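Convention: sequence-line order gives letters A, B, ...; per-chain numbering from 1. It should be emphasised that the depicted structure is a prediction, and the values quoted were computed from it without experimental measurement.
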2 protein chains.
Amino acid sequence: MPDKSDLKKAGLKTTVPRLKILRLLEESSQRHMTAEDVYRQLLDADEDIGLATVYRVLTQFEGAGLVIRHHFEGGSSVFELNEGKHHDHMVCVECGEVFEFFDPRIEERQNQVAAESDFCIDDHSLYLYGVCKGMKKNGKCSKKTV
Amino acid sequence: MPDKSDLKKAGLKTTVPRLKILRLLEESSQRHMTAEDVYRQLLDADEDIGLATVYRVLTQFEGAGLVIRHHFEGGSSVFELNEGKHHDHMVCVECGEVFEFFDPRIEERQNQVAAESDFCIDDHSLYLYGVCKGMKKNGKCSKKTV
DNA sequence: ACTATTTTGATTCTCATTATGATTTCTGGA
DNA sequence: TCCAGAAATCATAATGAGAATCAAAATAGT
Ligand SMILES: [Zn+2]
Ligand SMILES: [Zn+2]
Ligand SMILES: [Zn+2]
Ligand SMILES: [Zn+2]
């Protein structure tokens, strides 16, 4: 689906690796991927693209607003295609699955809180960590919600 | 101010490095510090404590609930004393200063959102990034609030 | 103080990410 | 089309935060 025009619009010249990576981000069944994930999936597809290029291109994509980089707890950065719809994330610490959500009231309050301190927000990150439905042994939620 | 009893209560034996680090965390003018920050401030105070020990002790303190570890954008972990009052953070990307806040409505909505997905929260992180009052050139907030 | 156990600190190691330098691919004009 | 210069890529090396090692030192109970 993605083609040269997407890269051009982002101010990046068209190259094979960039196209391949962009296409992978769109077509992979996995929406939130580490650089390593991207690299491995390219290898699996017999694409000959170096890991350094994957990191470089993902960083360029981030700069161009094509992807969003997240820092979930415990290690590597995670990238996802930027579809223009902001959302936040719930991360299951048991299975690693990532769920997206958007809550206008939370977003609104963030602005309010910042305004009260004369703070000019230009970005924010909100991650909820816990155990997803599928991974819960007993049906109950034992943990305290901090 | 902090003494052996604080460590004992946390299930940690009393040692000089642990006491020194705990004292530093309480007395430093900086509330949010990297391991490197702690190490340097100990050096400045002529305390002979290795960087490895700083990392090890901070991690032990985290496990014991004495400190909280944060992952602000762009690199190293940041530690702060756990005073028992949960709060979130605004980080100024110009001067690096960290401001704390707590908004019950945001906290409440987080629980609601999680409950709707049958997700059992056991932790969360919310960071607002932007420019603080003191660093704003013109009085206006030019950035869009995402 | 004596001894068993724990902790420390210098160093090494790991691993994610970035920088480097050589090589290849584009590009745009002759 | 051919060629120079620019830009991008690749393999590899370097970096930096943080964890693992392990002999030496400190601690706690007797
Ligand atoms: Zn949000
Ligand atoms: Zn997402
Ligand atoms: Zn909160
Ligand atoms: Zn804080």
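In this structure a side-chain-to-backbone donor-acceptor pair under 3.5 Å is missing from S117(A) to F119(A). Checked by atom type and distance alone, the side chain of K136(A) pairs as donor or acceptor with a backbone atom of D118(B) at under 3.5 Å. The backbone N or O of E73(B) sits less than 3.5 Å from a side-chain atom of Y129(B), completing a donor-acceptor pair.
Among pairs with a residue in residues 61-70 of chain A, those fulfilling salt bridge (Lys or Arg N to Asp or Glu O under 4.0 Å) read E62(A)-R69(A), at least two apart in sequence or across chains. For residues 43-58 of chain B, the set of pairs meeting the side chain to side chain donor-acceptor pair (under 3.5 Å) definition, not counting sequence neighbours, comprises K20(B)-E47(B).
The rotation axes computed at either terminus of the helix from dA1(C)-dT30(D) to dA30(C)-dT1(D) lie 30° apart, taking five pairs at each end and rounding to 10 degrees.
Contact annotation: T14(B) side-chain N/O to dT27(D) OP1/OP2 distance is not under 4.0 Å.
Protein atom OH of Y55(A) is 15 Å distant from nucleotide atom C1' of dT12(D), rounded to whole Å. Between Y39(A) atom OH and dC10(D) atom C1' there is a gap of 10 Å when expressed in whole angstrom units. In this structure, CD of E73(A) is placed 16 Å from C1' of dA17(D), rounded to the nearest angstrom. When rounded to the nearest whole Å, the span between CD of E47(A) and P of dC10(D) equals 11 Å. For the pair H71(A) NE2 and dA17(D) C1', the computed distance is 14 Å after rounding to whole Å. The distance from atom CD1 of I49(A) to atom P of dA11(D) is 11 Å, rounded to the nearest whole Å. The separation between L19(B) atom CG and dA26(D) atom C1' is 13 Å, rounded to whole Å. Atom CG of L7(B) and atom C1' of dT27(D) are 13 Å apart (whole Å).
In the set dA20(D), dT9(D), dA17(D), the nucleotide with an atom closest to the side chain of V57(A) is dT9(D).
Using a 4.0 Å heavy-atom criterion, one finds that T53(B) contacts the bases of the nucleic acid, with or without backbone contacts as well. In this structure, T34(B) reaches neither bases nor backbone, as no heavy-atom distance under 4.0 Å exists between it and the strands shown.
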Just the table, please: protein N/O against nucleotides 5-8 of chain D N/O, every pair under 3.5 Å.
residue : atom : partner : partner atom : Å
dA8(D)  : OP1  : R18(A)  : NH2          : 3.0

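The environment of R31(B) atom CZ is dense: over 12 non-hydrogen atoms of other residues, nucleotides or ligands sit within 6.0 angstrom.
Between F99(A) and C132(A), the closest side-chain pair of non-hydrogen atoms falls below 4.5 Å.
Once rounded to the nearest 0.5 Å, the distance linking CZ of F61(A) with CG of L66(A) reads 6.0 Å.
In this structure, the side chain to side chain donor-acceptor pair (under 3.5 Å) partners of Y127(B), at least two apart in sequence or on a different chain, are H70(B).
Side-chain polar atoms of Q60(B) and R18(B) form a donor-acceptor pair below 3.5 angstrom. Side chain to side chain, H32(B) and E97(B) fail the donor-acceptor criterion of an N or O pair below 3.5 Å.
The two residues L58(B) and V67(B) make their nearest non-hydrogen contact at O-CG2, 3.7 Å.
Of all nucleotides in DNA chain C having an atom under 4.0 Å from a heavy atom of chain A, the first and last in 5' to 3' order are dA16(C) to dA19(C).
Along DNA chain D, the nucleotide nearest L51(B) and the nucleotide nearest V16(B) are compared for position; the residue whose nucleotide lies closer to the 5' end is L51(B).
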